[in-house]
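Throughout, protein chains are lettered first and strands after them, A, B, ... in sequence-line order, and every chain is numbered starting at 1. Note that the coordinates shown come from a computational prediction; the quantities given were computed from them, not determined experimentally.
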Number of protein chains: 2
Amino acid sequence: MDKNNLNQIGLSRHLTPQQWRTLVDCCESIVPVPNKTTLSERGTKLSKSLFLVEGFMGRFITYDVTDRKQLVAVEVPGDFVDFHAYPLKRLDHDVVSLSDAKVAVFDHVVLQEIFDQDVELCRTVWFMTLIDASIQRHWTYRNAAMRALPAIANLLCEFRQRLMHAGMDTDSSFELPIQQSTLALACGLSVEHVSRVMRDLREGGYCSMSNTVVQIHDLRRLEEIAQFRTDYLCPSHD
Amino acid sequence: MDKNNLNQIGLSRHLTPQQWRTLVDCCESIVPVPNKTTLSERGTKLSKSLFLVEGFMGRFITYDVTDRKQLVAVEVPGDFVDFHAYPLKRLDHDVVSLSDAKVAVFDHVVLQEIFDQDVELCRTVWFMTLIDASIQRHWTYRNAAMRALPAIANLLCEFRQRLMHAGMDTDSSFELPIQQSTLALACGLSVEHVSRVMRDLREGGYCSMSNTVVQIHDLRRLEEIAQFRTDYLCPSHD
DNA sequence: CGTATGCTTGAATCACGTCAACTGATGTGG
DNA sequence: CCACATCAGTTGACGTGATTCAAGCATACG
């Protein structure tokens, strides 16, 4: 895949066309990533950042003692993966692909150069990492304050909304190449309980998930039990 | 209080002395904030950012339907409050003081000017907001993956560590001007259960909390049951 | 004084985890 | 083609961690 074919999708739409071109020009390469690939491990020093072109990525925090893997964040197409690694250098978690994916690679040194020349671009990218932070706060909220059924419903609504931003058609159904066990890891629930919740959502006429496709049966009612709000996903820039 | 008395504490220590001076020079004023003051409400447009000189601040997400207030983040002295509001402008949550506090106020327009002149400073402040994000990921983890007792223990360890960074003496005890109900809001637990957990921590010889002081009885064992790790609080810059 | 406010404790209930067994789809090698 | 393994999902029985409701107790405060 040629880097000139890179489309401005998802969060990257916050950039002006010129800024986007500046960024794309310094893209090192575009590489395919198979499912379940560990892209970076906790504590190792990073020198590259990624733009997620296709597929899903997950951030996992693991404590060796308990061996519990907790999924604390998911990136969808159009997200910048580890652009915050650029100033942070070392991360406290692992980044693993949740599906076959495709990523555009950026070198930190090159990024530093273009940011030096364009404070506005630096600020905009900063802004985008802050939307991630906003989503992260919501994940904190969801895990602490919501019961299993509304939580799962809420997560599905979030995915739908974010994939919509990424330009995918999500009217009555959408592709979601992750499985129940992944939802369980994201919400801190057991797979068995997620299975029961999915049955309730199905039988309640809200939505259903089979293979890699989520079918929305009644969006209004789904968003209602999910207590879904969009403000944390798309804060206005002005 | 005069702004020339502002000490470089906590996260602000990531700035060089010159950067710190640049920032302090553009501080508008230093104002006292009484306990339980709402500094900014969800959705309202912000034109100022704050540096927390003294006291504690909390970020609350509330859904009107359920009326459940969830505490998703806490700021300690030395933290920049809403510096990320600078590019974000509107927040998805409320910011409320958890104790009597003192804040230094910065105007966004002035900030924009000094960032325009110093990309490096912009980058460093960005870096600091990313440590917040790292903490946020850990809160997501704690809420999803940890049981009540280790979770509370972990939160107390986090406060201890962060207050240590802020230059407070926290050898065998430290000031923590928040109450059990606040811990409950932070961990998504009921006040009654937090009370029981605190009793277990006390009787187990780990730590105890009375009024506004946390007494550490056995730090090693406390950090052990808390599964405490410091990496998410102080990532290295290089 | 009485009345909040913060903490504590007990008993009943419930949401969710754990364990175990089973299904169906997919794949693999003989 | 069949025997077998694997993996995602499902279901039931049971245990438990945490909530809820209710009451009581201490301290601070108008």
Side-chain angles (χ1 to χ4, degrees), chain A residues 34-36 56 58 66-71 98-100 142-156 175-204 207-215 225 227, chain B residues 34-36 56 58 66-71 98-100 142-156 175-204 207-215 225 227:
Chain A
N35 190 8
K36 292 183 186 168
F56 285 64
T66 56
D67 203 38
R68 172 138 180 61
K69 252 203 174 88
Q70 176 64 38
L71 181 54
L98 297 175
S99 70
D100 290 341
R142 184 192 296 125
N143 287 343
M146 298 180 84
R147 304 267 116 170
L149 189 129
I152 295 281
N154 187 284
L155 184 57
L156 292 175
E175 279 266 327
L176 189 71
I178 66 176
Q179 46 217 24
Q180 292 193 4
S181 57
T182 310
L183 297 180
L185 287 177
C187 294
L189 299 167
S190 65
V191 276
E192 294 93 334
H193 201 62
V194 169
S195 170
R196 286 183 252 265
V197 166
M198 292 307 295
R199 168 171 48 83
D200 293 345
L201 285 174
R202 206 184 314 124
E203 293 177 353
C207 67
S208 58
M209 194 169 106
S210 69
N211 262 334
T212 62
V213 176
V214 176
Q215 284 279 346
I225 55 156
Q227 291 167 38
Chain B
N35 190 9
K36 292 183 187 168
F56 285 64
T66 54
D67 204 40
R68 172 139 180 59
K69 252 203 174 89
Q70 176 65 38
L71 180 54
L98 298 174
S99 70
D100 290 341
R142 184 193 296 125
N143 288 341
M146 297 180 86
R147 304 267 122 184
L149 188 129
I152 296 282
N154 188 282
L155 183 57
L156 292 175
E175 279 267 326
L176 189 71
I178 66 176
Q179 45 217 23
Q180 292 193 5
S181 58
T182 310
L183 296 180
L185 287 177
C187 295
L189 299 167
S190 65
V191 275
E192 295 93 332
H193 201 60
V194 170
S195 169
R196 286 182 250 264
V197 166
M198 293 307 296
R199 170 171 47 85
D200 293 346
L201 285 173
R202 204 185 316 122
E203 293 178 353
C207 67
S208 58
M209 194 168 106
S210 69
N211 263 333
T212 62
V213 176
V214 176
Q215 284 279 347
I225 56 157
Q227 292 166 38

Participant: What residues form a side-chain contact (heavy atoms from CB on, under 4.5 Å) with Ser195(A), not counting sequence neighbours?
Facilitator: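 Listed in chain order: Gln180(A).
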
Participant: Please report the interatomic distance OG1(Thr182(B)) to NZ(Lys69(B)), rounded to the nearest 0.5 Å.
Facilitator: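 Separation between the atoms: 11.5 Å.
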
Participant: Between Ser99(B) (side chain only) and Phe56(B) (backbone N and O only), is there a donor and an acceptor less than 3.5 Å apart?
Facilitator: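 Answer holds: yes.
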
Participant: What's the angle between the local helix axes at either end of the helix from dC1(C)-dG30(D) to dG30(C)-dC1(D), using five pairs per end and rounding to 10 degrees?
Facilitator: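 The helix from dC1(C)-dG30(D) to dG30(C)-dC1(D) shows an end-to-end axis angle of 30°.
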
Participant: Less than 4.5 Å apart, side chain to side chain, heavy atoms only: is that true for Leu156(A) and Cys207(A)?
Facilitator: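 Answer yes - side chains close enough.
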
Participant: Quick one: does Val197(B)'s side chain get under 4.5 Å of Leu183(B)'s, heavy atoms only?
Facilitator: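 A side-chain contact is absent here, since even the closest heavy-atom pair is not under 4.5 Å.
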
Participant: I'd like to know if the side chain of Asn35(A) reaches the main chain of Asp100(A), judged simply by a donor and an acceptor atom lying under 3.5 Å from each other, with no hydrogens or angles considered.
Facilitator: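 No; judged by distance alone, with no hydrogens or angles, the pair does not exist.
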
Participant: Could you give the CE-to-C1' distance, from Met146(B) to dG17(C), as a whole number of Å?
Facilitator: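 Taking atom C1' of dG17(C) as the reference, CE of Met146(B) is at 17 Å.
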
Participant: Indicate yes or no for a side-chain donor-acceptor contact from Gln70(A) to the backbone of Leu185(A) under 3.5 Å, with no hydrogens or angles considered.
Facilitator: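 Indeed, once roles are kept as given, a pair shorter than 3.5 Å links the two residues.
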
Participant: Under a 4.0 Å heavy-atom cut-off, which of residues 180-187 of chain B touch DNA chain D?
Facilitator: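 None - not one residue of the stretch has a heavy atom sitting under 4.0 Å from the strand.
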
Participant: What protein N or O atoms touch nucleotides 24-26 of chain C N or O atoms at under 3.5 angstrom, if any, and at what distances?
Facilitator:
none

Participant: Counting only non-hydrogen atoms, which of residues 189-196 of chain A are less than 4.0 Å from DNA chain C?
Facilitator: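 Leu189(A), Ser190(A), Glu192(A), His193(A), Arg196(A), in order of number.
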
Participant: Considering residues at least two apart in sequence or located in another chain, which fulfil the side-chain contact (heavy atoms from CB on, under 4.5 Å) criterion with Arg147(B)?
Facilitator: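 Per chain and number, Arg147(B) pairs via side-chain contact (heavy atoms from CB on, under 4.5 Å) with Pro150(B).
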
Participant: Can you tell me how far NE2 of His193(A) sits from CD1 of Ile152(A), rounded to the nearest 0.5 angstrom?
Facilitator: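 Reported to 0.5 Å precision, the distance equals 8.5 Å.
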
